[in-house]
Amino acid sequence: MPGKSIFYLLALIASSSYLTYTIVKSKNNDTPKRKKNVADLIGNTPMVRVNSLSEYTGCEIYAKLELANPGGSAKDRVALSVVRHFEEIGELVPGRGDVLFEGTSGSTGISFAMLCNALGYTAHICLPDDTSNEKLQLLESYGAEIEKVKPASIVDPNQYVNAARKGALNLKNDKSTLANGVFANQFENDNNWRAHYATTGPEIWEQMNYDIDYFVTGSGTGGTIAGCSRYLKSVSNKIKVFLADPQGSGMFNRVKYGVMYDCVEKEGTRRRHQVDTLIEGVGLNRITHNFLQGEHCVDDAVRVTDDEAIRMARYLSSNDGLFVGSSSCINAVAAVKIAQNSKPGSKIVMIACDSGTRHLSKFWKEALKIDKNITLEQVLE
């Protein structure tokens with residue numbers, strides 16, 4: 001039956017062509033579009049299931065990979081929001097020689113340095129003189145102006161945030177140049193939490209197919225937890241927001257008991273750091289404007305020790321191929337502790353803030369001392 005054979009052949013070709021079209025169309029839909037500059041690459045970061053933690057706890061634990069932003073951290077979103085605001089009000093004009101000043105322990109400075117290069121400004125970063133070498137090298141590679149200062153309390157006029165504010169004011173008042181100086185002020189700048197409310201929160205909600213039980217992250221400036229929690233609470237009243245807080249920080253006690261106090265502040269015990277921890281980027285002993293904007297949305301807090309975070313770093317790298325920084329590990333430990341007290345199948349989202357490559361000389365130096373075959377039970381000891 002040659003006619004029937006031809007029919008089957010044509011049907012097979014048609015079926016194959018349709019399958020090829022469907023695959024190509026699907027791939028094209030997933031292919032990122034061309035962008036005008038690096039600023040347009042910020043956001044729409046991936047969400048990934050953390051298999052080892054999910055299987056151990058019986059819950060679904062996901063990591064929002066903010067480390068996939070072009071500047072390598074969640075701070076890219078904030079930096080872009082702040083720069084665009086200054087441009088809108090005429091405080092930053094490309095090519096005029098304008099300088100953006102910021103006080104930061106690292107990641108925000110890297111985001112500003114990247115964006116200033118892309119958009120026509122100079123970044124002047126004030127930071128503690130014991131900031132990790134990796135962050136300093138990245139800032140230097142971006143060509144940022146770096147001003148190192150001794151670690152100090154926020155009430156000290158030479159503290160790194162205050163040094164940045166002073167530098168911006170000096171340039172603004174300098175009549176010998178047309179260049180303007182602006183102070184980013186990430187801790188108190190309202191554009192910080194709003195950036196996460198407008199972008200990070202909606203992305204998480206959509207990526208999780210509109211079904212989340214818990215959201216967990218730390219608080220440095222407070223922008224991520226405030227912006228994300230306000231958005232998530234606005235779309236679902238079942239979502240519980242947990243603060244993950246390192247040792248030495250007062251934020252845990254603020255959420256749990258309404259007071260800002262930690263035992264390391266006891267007279268005779270405080271060390272030279274206000275927050276006595278290896279963890280960079282999260283943990284404070286003061287309340288910021290940004291945290292206040294979402295404090296009413298934070299339901300509970302989990303305290304995580306340096307040792308737990310260090311062990312979790314090694315565990316995630318060995319079992320999931322996730323090579324993340326210290327604040328991400330704080331969030332991961334907190335996520336597991338939340339899961340252990342939740343019903344099976346609960347969906348938990350944590351923020352993976354940045355990569356471990358920024359923490360090699362400090363945090364990961366300690367993590368590498370841990371046996372790579374460590375179990376999760378040992379992580380939580």
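Side-chain contact of Asp354 with His359: a donor-acceptor pair under 3.5 Å is present, judged by distance alone. For Lys64 and Thr200, the side-chain atoms include no donor-acceptor pair closer than 3.5 Å. Counting only N and O atoms by type, the side chains of Thr221 and Asn290 include no donor and acceptor under 3.5 Å apart. One side chain, Asn180 or Glu91, offers a donor N or O that lies under 3.5 Å from an acceptor on the other. Between the side chains of Tyr214 and Ser342, at least one donor N or O lies within less than 3.5 Å of an accepting N or O. No side-chain N or O of Glu188 forms a donor-acceptor pair with one of Asn185 less than 3.5 Å apart. The closest side-chain donor-acceptor pair between Arg358 and Ser107 falls under 3.5 angstrom. Side chains of Ser54 and Glu60: no donor on one and acceptor on the other come within 3.5 Å.
Arg96 forms no cation-pi arrangement with Tyr121, by the criterion of a distance under 6.0 Å to the ring centre and an angle within 45° of the ring axis.
The closest side-chain heavy-atom distance from Thr122 to Leu100 is not below 4.5 Å. For the pair Tyr62/Val48, no side-chain contact is recorded, criterion being any heavy-atom separation below 4.5 Å from C-beta on. Contact check for Asn331 versus Cys353: side-chain heavy atoms found under the 4.5 Å cut-off. Looking only at side-chain heavy atoms (C-beta outward), Met251 and Ile287 come within less than 4.5 Å of each other.
The local environment of NZ in Lys36 is sparse, with at most 12 non-hydrogen atoms from other residues, nucleotides or ligands closer than 6.0 Å. The 12-atom threshold is exceeded at CD1 of Ile89, counting heavy atoms of other residues, nucleotides or ligands nearer than 6.0 Å. Atom CD of Glu206 is surrounded by 12 or fewer heavy atoms from other residues, nucleotides or ligands within 6.0 Å.
Aromatic ring pairs are classed by plane angle as parallel below 30°, tilted from 30° to 60° and perpendicular above 60°; the pair Trp364 and Phe323 is tilted. Classification of the Tyr231-Tyr197 ring pair by plane angle, with boundaries at 30° and 60°, yields perpendicular.
Between the side chain of Ser318 and the backbone N or O of Lys372 there is at least one donor-acceptor pair closer than 3.5 Å. Side chain of Asp174 to backbone of Asn170: no donor-acceptor contact under 3.5 angstrom is found. Under a 3.5 Å cut-off, the side chain of Gln207 and the backbone N or O of Thr45 do form a donor-acceptor pair. Looking only at distances, no side-chain donor or acceptor of Asp98 sits under 3.5 Å from a matching main-chain atom of Ala179. Side-chain atoms of Asp156 come within 3.5 Å of backbone atoms of Asn158 as a donor-acceptor pair (strictly under, hydrogens ignored). Without hydrogens or angle criteria, Ser141 side chain to Gln137 main chain gives a donor-acceptor distance under 3.5 Å. Checked by atom type and distance alone, the side chain of Asn285 pairs as donor or acceptor with a backbone atom of Gly250 at under 3.5 Å. Put simply, the side chain of Thr131 never gets that close to the backbone of Leu127: no donor and acceptor are under 3.5 Å apart. Of the possible donor and acceptor atoms, none in the side chain of Ser328 sits under 3.5 Å from a partner among the backbone N and O of Val324.
Asn237 CG to Lys240 NZ: the interatomic distance, rounded to the nearest 0.5 Å, is 8.5 Å. Atom CG of Asp129 and atom CD1 of Ile146 lie 12.5 Å apart (nearest 0.5 Å). Note that OG1 of Thr217 is 8.5 Å distant from CG of Leu243, once rounded to the nearest 0.5 Å. Remark: Asp307 CG to Leu380 CG distance equals 12.5 Å, nearest 0.5 Å. Here the CG-CE distance, from Leu232 to Met208, works out to 10.5 Å after rounding to the nearest 0.5 Å. Here CZ of Phe363 is found 5.5 Å from CD1 of Ile310. Values are rounded to the nearest 0.5 Å.
Linking ILVMFWY residues whenever their side-chain heavy atoms come closer than 4.5 Å, directly or via other members, leaves Val82 and Val93 in distinct clusters. Ile110 and Phe187 fall into different hydrophobic clusters, where Ile, Leu, Val, Met, Phe, Trp and Tyr side chains are chained together by heavy-atom contacts under 4.5 Å.
Listed here is the closest heavy atom pair of Pro128 and Thr104: CD-O, 3.7 Å. Minimum interatomic distance between Pro70 and Tyr142 (heavy atoms only, all atoms of both residues): O-OH, 4.5 Å. When all heavy atoms of Ala244 and Val216 are compared, the closest pair comes out as CB-CG2, 4.0 Å. Considering every non-hydrogen atom in both Lys343 and Ser346, the closest pair reads O-OG, 2.7 Å. The two residues Ser52 and Tyr315 come nearest to each other via the heavy atoms OG-CE2, 3.3 Å. Shortest non-hydrogen contact noted between Leu115 and Asp76 is CD1-O, 4.2 Å.
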Might you work through the side chain to side chain contact (heavy atoms under 4.5 Å, CB included) test for Leu41 and Asn69, ending with a clear yes or no?
-> CA-CA 7 Å; Leu41 296 172; Asn69 278 303; over 6 Å; no
Candidate pair Glu308 and Lys337, rule salt bridge (charged side-chain N to carboxylate O under 4.0 Å, His left out), full reasoning = CA-CA 11 Å; Glu308 288 173 324; Lys337 291 183 177 182; 3.1 Å; yes
Report the C-alpha separation of Glu102 and Val161 in whole Å, then their side-chain angles, then the decisive distance to 0.1 Å, and conclude whether the side chain to side chain contact (heavy atoms under 4.5 Å, CB included) test is met.
-> CA-CA 7 Å; Glu102 182 58 313; Val161 174; 5.8 Å; no
Could you walk me through whether Lys347 and Asp211 pass the salt bridge (charged side-chain N to carboxylate O under 4.0 Å, His left out) check?
-> CA-CA 7 Å; Lys347 294 180 173 63; Asp211 185 14; 3.3 Å; yes
Steps toward side chain to side chain donor-acceptor pair (under 3.5 Å) verdict (Gln247, Thr305) = CA-CA 5 Å; Gln247 64 186 54; Thr305 68; 4.8 Å; no
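For Asp245 and Lys256, the salt-bridge test fails: no basic side-chain N is under 4.0 Å from an acidic carboxylate O. Comment: Glu134 does not engage Lys362 in a salt bridge, judged by the lack of any side-chain N to carboxylate O separation of less than 4.0 angstrom. A salt bridge links Glu66 with Arg77; the closest basic N to acidic carboxylate O contact falls under 4.0 Å. Using a 4.0 Å cut-off between a side-chain N of Lys or Arg and a carboxylate O of Asp or Glu, Glu295 and Arg254 qualify as a salt bridge. Under 4.0 Å is where a charged nitrogen must lie from a carboxylate oxygen, and between Glu377 and Arg311 no such pair does. A salt bridge is absent between Lys33 and Asp40: the closest approach of a Lys/Arg side-chain nitrogen to an acidic carboxylate oxygen does not fall below 4.0 angstrom.
Trp193 pairs in a side chain to side chain donor-acceptor pair (under 3.5 Å) with only one of the listed residues (Asn189, Asn191, Asp190), which is Asp190.
The side-chain hydrogen bond (donor to acceptor under 3.5 Å, both in side chains) test applied to Tyr160 returns no partner, not counting sequence neighbours. Qualifying side-chain hydrogen bond (donor to acceptor under 3.5 Å, both in side chains) partners for Gln378, counting only residues two or more places apart in sequence or in other chains: Thr375. Applying the ring-ring contact (aromatic ring centres under 6.0 Å, His included) rule to Tyr257 yields no partners; only residues at least two apart in sequence or on another chain are considered.
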